[in-house]
**Q** 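Just passing along the structure, written as structure tokens.
Residue numbers run from 1 in the order of the sequence given.
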Amino acid sequence: MKKAIVLFITIFSIVRTYAQQASGNYVVGILPVTATDNSAKKYCAQVQGSIASIFTTKKRFTVVDRTKFDQLAQERNLQKQEDFLDGLVVEQGRSLGAQYLIQGNISQLTALPVQILKYKTVGTYPNTTQQKYYVPGYNVVFTINLQIIDVATGQAKSARTFGQPRQYETTSADQAISLALQQVLESHRGDQGLKDWANDMFPVDMKVLKAKKTGGLLQRI
């Protein structure tokens, strides 16, 4: 029994080591986020930061110098997502060593004031009741289109749209929008978040190992 436990722990350690060695397999470039909706332009940097955070916090990614792409955008005064779909940007990514380019565009972003229904308990137990009341808030509606461009082919590896409405108890439209853009990283009401999408498109590259026991020692095959 003890030998079996030792064998299991050894195999687990080998697999974990190989998983750790798989880090750095993907080299990505984060293109400047653009906005079709003029009112959303001031949030482009925040969305770009949210996208970048997915890749900079994972060991299996290397993110190329984003200032190079920022400079290119400024020089060409790029505004819309489709402006980035040309050979020059792909060639720029290739010259920087990127395997994939992450492209984002905000096509819609609005915050509409609403009254949020809430409940509170009133009275003394056991004679308590639920009383409803309303608080001010905002309903944030947004559409963020993302693409992963394969630099080798210049074609989209994947394209996704994120944009489930989110509601926040606040008196500030800017705060509601900021919260919504922060939380787009995570899944929401069954809708896949940016992190899940990135993990699906760039899975951890784990090598499957076989092991055999020879003379009391474990060998990798």
**Q** What are the two closest non-hydrogen atoms of A159 and Q147, and how far apart are they?
**A** CB-CG, 3.9 Å
**Q** Do R166 and Y168 meet the cation-pi criteria used here (NZ or CZ under 6.0 Å from the six-membered ring centre, within 45° of the axis)?
**A** no
**Q** Would Q155 and D150 count as a side chain to side chain contact (heavy atoms under 4.5 Å, CB included) here? Give the steps.
**A** CA-CA 6 Å; Q155 302 298 314; D150 188 334; 5.7 Å; no
**Q** Check for me, please, whether Y43 and L185 land in the same ILVMFWY cluster - side-chain distances under 4.5 Å, paths through other members count.
**A** yes
**Q** Please report the closest heavy-atom contact between Q131 and V122, naming both atoms and the distance.
**A** OE1-CG1, 4.0 Å
**Q** Indicate the atoms forming the closest heavy-atom contact of D65 with T67, along with that distance.
**A** OD1-OG1, 2.6 Å
**Q** Please, which pairs that meet side chain to side chain donor-acceptor pair (under 3.5 Å) have at least one residue in residues 110-122, sequence neighbours excluded?
**A** K118-E169, T121-Q130
**Q** Can you check whether I149's main-chain N or O pairs, donor with acceptor, with Q103's side chain at less than 3.5 Å?
**A** no
**Q** Hydrophobic clusters here meaning ILVMFWY residues chained together by side-chain heavy-atom distances under 4.5 Å, can you tell me if Y138 and L109 are in one?
**A** no
**Q** Measure across V27 and G97 and return the closest heavy-atom pair with its distance rounded to 0.1 Å.
**A** CG1-O, 3.3 Å
**Q** Are Y26 and P203 side-chain neighbours, meaning at least one heavy-atom pair lies under 4.5 Å?
**A** yes
**Q** Is there a path of hydrophobic side-chain contacts, each under 4.5 Å between heavy atoms of I, L, V, M, F, W or Y residues, that connects V184 with M201?
**A** yes
**Q** Could you give all pairs that pass the salt bridge (charged side-chain N to carboxylate O under 4.0 Å, His left out) test and reach residues 173-182, with sequence neighbours left out?
**A** K42-D174
**Q** Can Q99 and V151 be said to form a side chain to side chain contact (heavy atoms under 4.5 Å, CB included), step by step?
**A** CA-CA 5 Å; Q99 297 171 296; V151 170; 5.8 Å; no
**Q** Would you name the heavy atoms of V135 and Y133 that are closest together and state the gap between them?
**A** CG1-CE1, 3.6 Å
**Q** Kindly compute the distance separating NZ (K195) from OG1 (T57), expressed to the nearest 0.5 Å.
**A** 6.5 Å
**Q** Transitively linked via ILVMFWY side-chain contacts under 4.5 Å: L194 with V141?
**A** no
**Q** Using 30° and 60° as the class limits, which term best fits the ring planes of F61 and F202: parallel, tilted or perpendicular?
**A** perpendicular
**Q** Measuring from atom NZ of K58 to atom CG of N25, what distance do you get when rounded to the nearest 0.5 angstrom?
**A** 14.5 Å
**Q** Going only through I, L, V, M, F, W and Y residues with side-chain contacts under 4.5 Å, is there a path from I177 to I116?
**A** no
**Q** Calculate, to the nearest 0.5 Å, the distance between atoms NZ and CG belonging to K157 and L101 respectively.
**A** 13.0 Å
**Q** Run L181 and I144 through side chain to side chain contact (heavy atoms under 4.5 Å, CB included) and show every step you take.
**A** CA-CA 10 Å; L181 295 180; I144 299 175; 3.9 Å; yes
**Q** Taking all heavy atoms of I54 and all of A198, pick out the closest pair and write down the distance.
**A** CG2-CB, 3.7 Å
**Q** Run the numbers on I106 and F142 for side chain to side chain contact (heavy atoms under 4.5 Å, CB included), then give the verdict.
**A** CA-CA 8 Å; I106 308 172; F142 62 92; 5.6 Å; no
**Q** First locate atom OG of S53, then atom CD1 of I30, and finally report the distance between them rounded to the nearest 0.5 Å.
**A** 9.5 Å
**Q** Quickly, which of N145, T143, N105 forms a side-chain hydrogen bond (donor to acceptor under 3.5 Å, both in side chains) with T161? Name it, please.
**A** N145
